[in-house]
2 protein chains.
Amino acid sequence: MADLFLMLKEELKKRNISLSYQRLKIVEYLAQHLCHPTVEQIYTHLVPSIPTLSKTTVYNTLRVLLDAGLVRVIEIEDHESRYDVVMEGHGHFKCESCGCIYNFHVDMDALSSEDLKLFEIKEKNVYFSGVCPHCRNK
Amino acid sequence: MADLFLMLKEELKKRNISLSYQRLKIVEYLAQHLCHPTVEQIYTHLVPSIPTLSKTTVYNTLRVLLDAGLVRVIEIEDHESRYDVVMEGHGHFKCESCGCIYNFHVDMDALSSEDLKLFEIKEKNVYFSGVCPHCRNK
DNA sequence: GTTCCTGCAAAAGCTTTGCAGAAGA
DNA sequence: TCTTCTGCAAAGCTTTTGCAGGAAC
């Protein structure tokens with residue numbers, strides 16, 4: 001993948017979204033951790049280097065990115081939202097043992113149904129769950 | 001579809017889950033409203049006929065049904081859980097305008113990926129969103 | 001009598017809102 | 001200066017837990 005972080009910065013500049021230090025760090029974190037972090041994870045990871053950071057700012061920033069269409073929310077039978085910065089056609093697999101979320105390729109175009117021919121489809125999500133290879137080997 | 005309500009009652013009896021009046025009504029509601037109700041919807045609908053009903057009981061009952069494998073939880077970018085009593089291979093479409101959730105047929109077996117060959121897949125969910133025909137015509 | 005079910009009240013957890021002060025243009 | 005961003009505190013929501021009273025067997 002080309003540098004996702006740079007691409008995101010570019011996109012933000014294009015949309016006139018100012019890039020404060022906090023926002024920069026959050027975007028950087030998202031670009032480096034494609035495992036779909038929760039607000040909690042982002043916050044916990046960044047607080048050591050930005051001691052004044054608040055969760056409100058994490059929420060605010062994610063909301064801004066969401067409105068700009070740069071991230072997507074996914075919720076897989078949790079009551080925490082997770083944020084996804086890669087938008088191409090892929091599904092999400094959640095390991096019920098370690099809780100980690102993996103991406104896998106899905107041909108979203110092939111995924112349709114006669115039942116929906118009169119529907120306007122704007123978003124397609126595929127969520128699997130089970131046990132990942134790492135946990136199976138234990 | 002054969003009578004889903006009777007089928008569910010049968011399944012509950014098989015599993016030795018006692019069927020109180022409250023539980024009976026909740027199961028009946030689920031069987032009659034396949035549009036994936038929230039706890040709120042179930043509660044609001046049943047309270048007039050069962051004035052002493054509490055949401056705790058709705059939660060309790062759904063938990064029991066969940067543990068018995070008779071319902072499934074779905075969460076589509078809401079912070080409310082919705083409950084699904086039909087287990088066969090189908091996806092869920094949420095209309096972003098009216099909020100209603102529709103089922104549509106998906107060939108879940110055809111839906112897989114090389115990426116997951118080492119994973120143990122236990123559940124497959126397909127969530128679409130967009131605008132339903134009814135709302136498009138407004 | 002023992003077990004399970006109900007439902008009030010309170011707590012817990014995630015997210016949003018109000019607002020004042022700080023930072024940036 | 002004027003606007004935007006930050007972050008504390010508090011509120012809002014959904015869901016869970018503790019527990020006492022009640023129903024069923």
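Quick caveat, the model's predicted, so the values are computed rather than measured. Residue numbering restarts at 1 for every chain, and letters A, B, ... go by the order of the sequence lines.
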Seminar exercise, completed: Between CD1 of Ile42(A) and C1' of dC14(C) the distance, given in whole Å, is 14 Å
Exercise. Just how far, in rounded Å, is C1' of dT4(D) from CZ of Arg15(A)?
Worked result: 19 Å
For this session: Report yes if at least one side-chain N or O of Ser54(B) is closer than 4.0 Å to OP1 or OP2 of dT6(C); otherwise report no.
Result: no
Exercise. Are Glu10(A) and Lys13(A) close enough for a salt bridge, meaning some N to O gap below 4.0 Å?
Worked result: no
Problem set entry | Ser81(A) vs dC14(C): side-chain N/O to OP1/OP2 distance below 4.0 Å | no
Exercise. Is any side-chain nitrogen or oxygen of Tyr59(A) closer than 4.0 Å to OP1 or OP2 of dT16(C)?
Worked result: no
Exercise. Using a cut-off of 4.0 Å on non-hydrogen atoms, how would the nucleic acid contact of Ser20(A) be classed: base, sugar-phosphate, or nothing?
Worked result: sugar-phosphate
Exercise. Using a distance-only test with no angle check, is there a side-chain donor-acceptor pair under 3.5 angstrom linking His79(A) and Ser81(B)?
Worked result: yes
Exercise. Is the shortest side-chain N/O distance from Gln22(A) to OP1 or OP2 of dA23(C) below 4.0 Å?
Worked result: no
Problem set entry | Interatomic distance where CG belongs to Asp78(B) and P belongs to dG12(D) [whole Å] | 20 Å
For this session: Please report, rounded to the nearest Å, how far the P atom of dC5(C) is from the CG atom of Leu65(B).
Result: 12 Å
Exercise. Taking only side-chain nitrogens and oxygens of Arg63(B), does any of them come within less than 4.0 Å of OP1 or OP2 of dT15(D)?
Worked result: no
For this session: To the nearest Å, give me how far apart CG (Leu62(A)) and P (dT16(C)) are.
Result: 10 Å
Problem set entry | Nearest-angstrom distance from the residue atom CG of Leu46(B) to C1' of dG7(C) | 15 Å
Exercise. With respect to the side chain of Arg23(A), which nucleotide from dT15(D), dC14(C), dC5(D) is positioned closest?
Worked result: dC5(D)
Problem set entry | Under-4.0 Å salt bridge between Glu40(A) and Lys55(A) | yes
Exercise. Atom OH of Tyr21(B) to atom C1' of dG22(D): distance rounded to whole Å?
Worked result: 18 Å
For this session: Using the closest heavy atom to pick a nucleotide of DNA chain D for each, name whichever of Thr56(B) or His79(B) lands nearer the 5' end.
Result: His79(B)
For this session: For dC5(C), take OP1 and OP2 only and decide whether either is under 4.0 Å from a side-chain N or O of Ser18(B).
Result: yes
Exercise. Arg82(B) has an atom CZ; how far is it from atom C1' of dT14(D), in whole Å?
Worked result: 13 Å
For this session: With DNA chain C as reference, determine whether Tyr43(B) or Ile17(B) sits nearer its 5' end, using the nearest nucleotide of each.
Result: Ile17(B)
Problem set entry | Check: Tyr102(B) ring centre within less than 6.0 Å of His92(B) ring centre | no
For this session: Please work out if Thr38(A) contacts a base, only the sugar-phosphate, or nothing of the nucleic acid, heavy-atom cut-off 4.0 Å.
Result: nothing
Exercise. With a 6.0 Å cut-off on ring centres, are Phe104(B) and Phe128(B) close enough?
Worked result: yes
